[in-house]
Amino acid sequence: MTSAAARVFTWRHLAGYLSLGLALMSWSQGNPPLAERIQARVQAKLETFQKESGFPGAVFGWALANGKSGAVAYGLADRDTGAKMRPESRMLAGSAGKTFFAAWILRLVEEGKLDLDKPIATWIGQEPWFDRLPNAQSITLRHLLRHQSGIREHVYNNGLVAKLRAEPDKVWSPQELIGYMLDTKPSFEIGKGWSYADANFVVAAFTAEKATGRAAYREIERLFLKPFGLVNTSPSDRRDLPGLVQGHVTSGASFTGGPKSIEGGKMVINPQFEWAGGGFLSNAQDLARWTQALFSGRVLNGAMSMAQKEGVPASTGAGPGEQYGLGAQIFESPGGKSFGHGGFFPGYLTEMELLPSGVAVAIQFNADGGRELLRHRRRYLHELAAIVEEELKLSTERAR
C-alpha cells in the first residue's frame, strides 16, 4: 500500500469512528433499544437465511471501536439431538486462526527478534531436512505469511489424511508436518506466484519457535488471548474440546469419513494437526472482537499494522480484487478496503472482517458445505453487518 493510500485508509477509518461516536456514547449510557433492535433484526435475518439454505445453525458476532460487542445465534447446534445453537457456542475457526500466529510473528519482528526479509535459513538452516524444502534457500517470512513461498499444501500429500483417520490420537510435531512438504516441486519460483497453503504458516511458526525458544500457543495466549479478554478462544490441540458444537460434514468428509465431526464426545480426527494453519476453537463474538483489535491497530504498532495490510493479488474465491497481506485477507468493500480472514475445518466455516465503517463482524456455521450455504459466507456476513451499521447510524441521527 502506498503512503497516500495509507493516509486515505487512516482518515477514512478515523472519520468512521468519529461519526459513530454519539451512537457509542448512547450505548455506553445504557440504551437497551439499540442493542435490542440489532438483536431482533439479526435474528430475523438469520432465520430467513436458514430457511432459504438449510444450514443447521449459525452465530453472528459484532464488535465496535469502543469495545462493545454482541452475538446472535439461530438454528441447531446438533441436528440429531435438536440442541439449539447459542450465542456463546464454540466452533473450529479454521484458517481464521492464522491471524493469531501472524500477529505473534509480526510482534517478534517489531521486537527485532525476527526479520521479514531475511532468509529463514538464518534460524532453521541447520535442520537436517532444510535443503529438501522447495525454494529452501530463498524463503523469507514475508514469502510465507503472504503464501508466496511456492511450498505446496502438505495436508493432502503422501497419505496424511488417511493417517489422521487411522491414528486419531496421534500428536503431530511441527517437524512431522514439515516432513510432508519435503522433496516436492515448488508451485512457482519464489515470490513470483501465489498459492494458499497451510504449509506456509507451519514453516513460519516453526521458524519463530526456533528463533525464540518460545511455544507459539503459550505466547499467543500471553500476548493476545488474555490481554484482549478472548475467554472463549483456545488452542484446538486435542480431540475433546469443551463447548464445541457438532460439525456437520460434507466438503470435509475425506477427513472424517462420515457426516459428523464429533463422535462419542470427541472429534473424529485430532484437530491438533492443523496447528499454525489455523489451530483455534472460538466463537463469533470473540472473533469479531479480535478482528476489531487486530485490524484497527491495537495489536501491532503503526508501521507493522500498515505492513500487514499491504497485499499481493490472491484468489481464494472470496471476491473480486482480493489481495493477501501478512496473514490477512484484503477485500474491496463498499466504502473502501476491508480486512479479515476466512476459515474452513471439516464441519465448520468461519468468516471475520473489519469493514470501512469501523464495525467488525464475524460469522460461524456448523456446516462446511457450499451446497448448504448456497452462496459465499461473506455475503451473509455483509448483509448482517449492514443491520448493525444501519442501527448505529439511526442512533447517531437521533442523538443529534
### Reference residue N200; test side chain to side chain donor-acceptor pair (under 3.5 Å); the match among H147, R146, H143, K98
H147

### Summary
Heavy atoms of S296 and L354 approach each other most closely as N-CD2, 3.9 Å

### Query
Within the distance-only criterion (no hydrogens, no angle test), does the side chain of N366 pair as donor or acceptor with the backbone N or O of G247 below 3.5 angstrom?
no

### Message
Quick one: does any side-chain atom of E274 pair with a main-chain N or O of G279 as donor and acceptor, under 3.5 Å?
### Response
yes

### Query
Are E219 and R107 close enough, and set up right, to give a salt bridge (charged side-chain N to carboxylate O under 4.0 Å, His left out), and what steps lead you there?
CA-CA 11 Å; E219 288 298 288; R107 275 282 189 94; over 6 Å; no

#### Entry: Minimum heavy-atom distance M181-V203, with the two atoms named
SD-CG2, 3.7 Å

### Query
Does the Q148 side chain pair with the main chain of W194, one donor and one acceptor, at a distance under 3.5 Å?
no

### Task
Say whether, by atom type as modelled, one donor and one acceptor occur between the side chain of Q329 and the main chain of M352 under 3.5 angstrom.
no

### Sidechain-backbone polar pair: Q246 side chain, S261 backbone, donor-acceptor under 3.5 Å
yes

### Task
Would you please classify the geometry between the F255 ring and the F273 ring as parallel, tilted or perpendicular, with 30° and 60° separating the classes?
parallel

### Task
Spell out, as yes or no, whether a donor-acceptor pair under 3.5 Å connects the side chain of D78 to the backbone of A83.
no

### Query
Would you say the side chains of E322 and T316 form a donor-acceptor pair under 3.5 Å?
yes

### Query
Taking atom types as modelled and ignoring hydrogens, do the side chains of K337 and S333 form a donor-acceptor contact shorter than 3.5 angstrom?
no

## Note on the structure
Nearest heavy-atom approach of L144 to S149 is CD2-CB, 3.8 Å

### Task
Give a yes or no on whether the backbone of T250 and the side-chain of D368 come within a donor-acceptor separation of less than 3.5 Å.
yes

### Query
When you measure from the side chain of S305 to the backbone N and O of N301, does any donor-acceptor pair fall under 3.5 Å?
no

### Query
If you measure only the distance, is there a donor-acceptor pair under 3.5 Å linking the side chains of R90 and S234?
yes

### Message
Counting only heavy atoms from other residues, nucleotides and ligands, does the tally under 6.0 Å from CD of Q126 exceed 12?
### Response
no

### Message
Contact between M267 and L92 at the side-chain level, heavy atoms closer than 4.5 Å - yes or no?
### Response
yes

### Query
Once you round to the nearest 0.5 Å, how far does CD of E36 lie from CD1 of I38?
11.0 Å

### Task
Tell me, with the steps shown, if L287 and Q364 meet side chain to side chain contact (heavy atoms under 4.5 Å, CB included).
CA-CA 10 Å; L287 291 174; Q364 291 189 293; 3.8 Å; yes

#### Entry: N/O donor-acceptor pair under 3.5 Å between Q292 side chain and A63 backbone
yes

### Task
With the side chain counted from C-beta on, respond yes when N157 and T184 share a heavy-atom pair under 4.5 Å apart, and no when they do not.
yes

### Message
Angle between ring planes, F55 versus F365, binned at 30° and 60°: parallel, tilted or perpendicular?
### Response
perpendicular

### Query
Quick one: CZ on R239 to NZ on K266, what's the gap to the nearest 0.5 Å?
5.5 Å

### Task
Please test E47 against K51 for salt bridge (charged side-chain N to carboxylate O under 4.0 Å, His left out), starting from the C-alpha separation and ending with a verdict.
CA-CA 6 Å; E47 181 177 3; K51 288 179 178 177; 2.9 Å; yes

### Message
Just verifying a value: how many Å separate R142 CZ and I120 CD1, rounded to the nearest 0.5 Å?
### Response
14.5 Å

### Message
Cation-pi check for F228 against R289: NZ or CZ below 6.0 Å from the six-membered ring centre and within 45 degrees of the axis, yes or no?
### Response
no

### Summary
In short, E176 meets W172 closest at the heavy-atom pair OE1-CA, 3.6 Å

#### Entry: side chain to side chain contact (heavy atoms under 4.5 Å, CB included) evaluation trace for R79 with H248
CA-CA 8 Å; R79 279 176 170 154; H248 299 80; 3.6 Å; yes

### Message
Tell me whether Q43 contacts the main-chain N or O of A73 through its side chain, where contact means a donor paired with an acceptor under 3.5 Å.
### Response
yes

#### Entry: Straight-line distance of T81 OG1 to L76 CG, nearest 0.5 Å
8.0 Å

### Query
With Y74, which of L46, V59, T48 fulfils side chain to side chain contact (heavy atoms under 4.5 Å, CB included)?
L46

### Summary
Of all heavy-atom pairs linking G369 and S251, the shortest is CA-OG, 3.6 Å

## Note on the structure
Exactly one candidate in Y217, F224, F201, F206 meets ring-ring contact (aromatic ring centres under 6.0 Å, His included) with F101; the answer is Y217

### Query
Going from CZ on F339 to CD on Q308, what distance comes out if it is rounded to the nearest 0.5 angstrom?
9.0 Å

### Query
Under 6.0 Å from the CZ atom of R86, do we count more than 12 heavy atoms belonging to anything else shown?
no

### Message
Working note: D131 + Q137, criterion side chain to side chain donor-acceptor pair (under 3.5 Å); need CA distance, chi angles, decisive distance, verdict.
### Response
CA-CA 7 Å; D131 287 330; Q137 293 299 327; 2.6 Å; yes

#### Entry: Other residues, nucleotides, ligands: >12 heavy atoms within 6.0 Å of R379 CZ
no

### Task
Go through the steps for K170 and Q272 under the test side chain to side chain contact (heavy atoms under 4.5 Å, CB included), then give the verdict.
CA-CA 9 Å; K170 177 177 171 57; Q272 179 270 340; over 6 Å; no

### Query
Any side-chain donor paired with an acceptor under 3.5 Å for E353 and H382?
yes

### Task
Write out all pairs satisfying side chain to side chain donor-acceptor pair (under 3.5 Å) with one or both partners inside residues 275-284, taking only residues at least two apart or from two chains.
T233-S282

### CA sep, side-chain torsions, deciding dist, call: S95, Y196, side chain to side chain donor-acceptor pair (under 3.5 Å)
CA-CA 11 Å; S95 287; Y196 190 90; 2.9 Å; yes

#### Entry: For T207, all residues meeting side chain to side chain donor-acceptor pair (under 3.5 Å), sequence neighbours excluded
none

### Query
Just one of F100, F280, F295 clears the ring-ring contact (aromatic ring centres under 6.0 Å, His included) bar with W290, so which one?
F100

### Query
Are there more than 12 heavy atoms of other residues, nucleotides or ligands under 6.0 Å from atom NZ of K118?
no

### Task
Using the salt bridge (charged side-chain N to carboxylate O under 4.0 Å, His left out) rule, take E209 and R214 through it: C-alpha gap first, then chi angles, then the decisive distance, then the call.
CA-CA 5 Å; E209 288 196 336; R214 300 175 184 175; over 6 Å; no

### Query
So how far is it from Q323 CD to I330 CD1, rounded to the nearest 0.5 Å?
5.0 Å

### Sole candidate of L145, L141, T99, L300 that passes side chain to side chain contact (heavy atoms under 4.5 Å, CB included) when paired with L326
L145

### Heavy-atom closest contact (M91 atom, L244 atom, distance)
CA-CD1, 3.7 Å

### Task
For side chain to side chain contact (heavy atoms under 4.5 Å, CB included), just list the numbers for S53 and L373, CA-CA rounded to whole Å, side-chain angles, deciding distance to a tenth of an Å, and then say yes or no.
CA-CA 6 Å; S53 66; L373 265 63; 5.6 Å; no

